[in-house]
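In this text the structure is predicted, and so the values were computed from the model without any measurement. Indexing begins at 1, ligand by ligand and atom by atom, following the structure's order.
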Amino acid sequence: MRASSPTHLKSLPSSISSQHQLNSWIMQHPSALEMFDRIIEASGGKQIVMFLDYDGTLSPIVDDPDKAFMSSKMRRTVKKLAKCFPTAIVTGRCIDKLYNFVKLAELYYAGSHGMDIIGPAKGFSRHKRVKQSLLYQPANDYLPMIDEVHKQLLEKTKSTPGVKVENHKFCASVHFRCVDEKKWSELVLQVRSVLKKFPTLKLTQGRKVFEIRPMIEWDKGKALEFLLESLGFGNSNNVFPVYIGDDRTDEDAFKMLRGRGEGFGILVSKFPKDTDASYSLQDPSEVMDFLRRLVEWKQMQPRM
Ligand SMILES: O=P(O)(O)OC[C@H]1O[C@H](O[C@H]2O[C@H](CO)[C@@H](O)[C@H](O)[C@H]2O)[C@H](O)[C@@H](O)[C@@H]1O
């Protein structure tokens, strides 16, 4: 539970070895800012499509999930990005909560870990192949079950100080960032005892959070694939998807891109972690710098 996700590489005994480990990880996952020119070269004139995680990627990680605000600079950057490339936010949060933070109608949103997908609001479908807002909810049948499990998790964990339980429509979260470490094992037992009654739900772990999701074959990688298809790039080799994320659930999207052999993932992390991403950025401020460079580069391209 201690490691934030994806899993930190095993710590080595001395700080010299740790430095060595960090250096060799950076060699394998170089900074996307430093490799910017090479990334643009690799895109080879194909249509870049941007996928962005929210927490820890566009907003810094904070103790209270209801206060994970996005800076206005970041919002302006994402707005400009969406003018240049089709842009989606793919998140564990439900779309309503996410939209309250982001407030940009021109984006694609894949909420609840990709189980709730919507397209840009009417009048914002500037990427020509999309004519209307799309909508896909593969876990619709689970709505009442998520409400029920959320209710039971609230009740079961209410004696644990610092815990926060969220209902994200098609999934639920139990946060332990503010729970005393000595109480973590007790909390695991509480969550598991509720989940015993819901055999069609699965439990995964993110950054100091348990995520409770329907046991269906759907994740952020599948959502990415769905969005590419909806944009008309399902069987196209003329697309270059870029996915930026910091959490374990983002690994499904990184893996999907590796499998497709097109585009790549960027892991947001200051520490070496096991990942299928090709590049790294240290924190949301580096993410913003990278997005700005993409916008500047695009604006300098001759119009076709
Ligand atoms: O897919 P994401 O957009 O990364 O969503 C994953 C979880 O994000 C939120 O929790 C995380 O951010 C919080 C605010 O910074 C932080 O307090 C928490 O510890 C992190 O795990 C969200 O609240 C969760 O429901 C999402 O599952």
- Message: For a side chain to side chain donor-acceptor pair (under 3.5 Å) check, start with the C-alpha distance between S236 and N238, then their side-chain angles and the critical distance, and finish with the verdict.
- Response: CA-CA 5 Å; S236 164; N238 195 31; 5.3 Å; no
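- Follow the hydrophobic side-chain contacts under 4.5 Å out from L143 and you reach V165 in the same cluster.
- In terms of hydrophobic clustering, with Ile, Leu, Val, Met, Phe, Trp and Tyr side chains grouped at heavy-atom distances under 4.5 Å, I146 and F210 are assigned to a common cluster.
- Listed by chain and number, residues touching ligand 1 at under 4.0 Å (heavy atoms only) are D53, Y54, D55, P60, I61, V62, D63, P65, A68, T91, G92, R93, E166, H168, S173, H175, R177, R207, V209, E211, K220.
- A salt bridge links E166 and K97; the closest N-O separation between the charged side-chain nitrogens and carboxylate oxygens is under 4.0 Å.
- Taking K197 as the reference, nothing meets the salt bridge (Lys or Arg N to Asp or Glu O under 4.0 Å) condition, with sequence neighbours excluded.
- One distance of note links CE of M74 with OH of Y54; it measures 9.0 Å at 0.5 Å rounding.
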